[in-house]
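Numbering starts at 1 and runs along the sequence shown. Counting starts at 1 for both ligands and their atoms, following the listed order.
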Amino acid sequence: MAIELPALPWAQDALAPHISAETIEYHYGKHHAGYVKKLNAAIEGTDLASKSLVDIIRAGGATFNNAAQVWNHTFYWNSIKPGGGGQPSGAIADAIDGSFGSYDKFREEFANAAATQFGSGWAWLVAEGDNLAIQKTKDAETPITTSAKPLLTIDVWEHAYYIDYRNARPDYIKTFLDSLVNWDFANQNLNG
Ligand code: MN3
């Protein structure tokens, strides 16, 4: 059974001016769709063809990069929304205070992880047992291969921000935190 490219949770132009329709056109329509296409070509006719996306990721091997990038991107689209960003509310707000001391401290650590991931990769807010933590991963690497539960992610590959922010990754990270983060999604993941 082929792995499908999930629909975006919002219109392609809905994140503008923070992330342009042009960025989404390329990032979703070319990069994310490309990972799906390459993964399906690689698993066709193999034992992996009958497995779920997460099982394909956990199997590792030659299909890991495309499979993990399919999953990571779907998770990223859900981590952002029009009118998002700012201070969290609900259980995630309490968990952030408990684990980082304050939202401001969380924000500083998350932004620092995203800014200092050398080259391509991701920064994540994850739950590890009763605590929250921040991780950064390289290339396609993803916390779902570990015991940590992902709550939120930011894609810091250049294709995520170069059309809108050029080389200014810190500006993209600030916009992500101020105007895009989907805290409802983080709360769902925390409770799920
Ligand atoms: Mn990407």
Exercise for review: Begin with the C-alpha distance, continue with both residues' side-chain angles, and end with the deciding distance and a verdict on ring-ring contact (aromatic ring centres under 6.0 Å, His included) for H27 and W77.
Suggested key: CA-CA 10 Å; H27 197 178; W77 305 132; 4.9 Å; yes
Practice item. Could you check H32 against Y76 for ring-ring contact (aromatic ring centres under 6.0 Å, His included), going step by step and ending with a plain yes or no? Key: CA-CA 11 Å; H32 194 180; Y76 170 64; 9.6 Å; no
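- Below 30°, between 30° and 60°, or above 60°: for F110 and F106 the angle between ring planes is between 30° and 60°, a tilted geometry.
- The one candidate from F176, Y26, Y172 that meets the ring pair (Phe, Tyr, Trp, His ring centres under 6.0 Å) condition with Y161 is Y172.
- Counting only distances under 2.8 Å, and ignoring water, the protein N, O or S atoms around the Mn ion (ligand 1) are H27 NE2, H73 NE2, D155 OD2, H159 NE2.
- With T175 as the partner, the side-chain contact (heavy atoms from CB on, under 4.5 Å) test is satisfied by one option alone out of V181, L180, L15: L180.
- For the side-chain hydrogen bond (donor to acceptor under 3.5 Å, both in side chains) with W122, the qualifying choice from Q135, Q69, E141 is Q69, the only one to do so.
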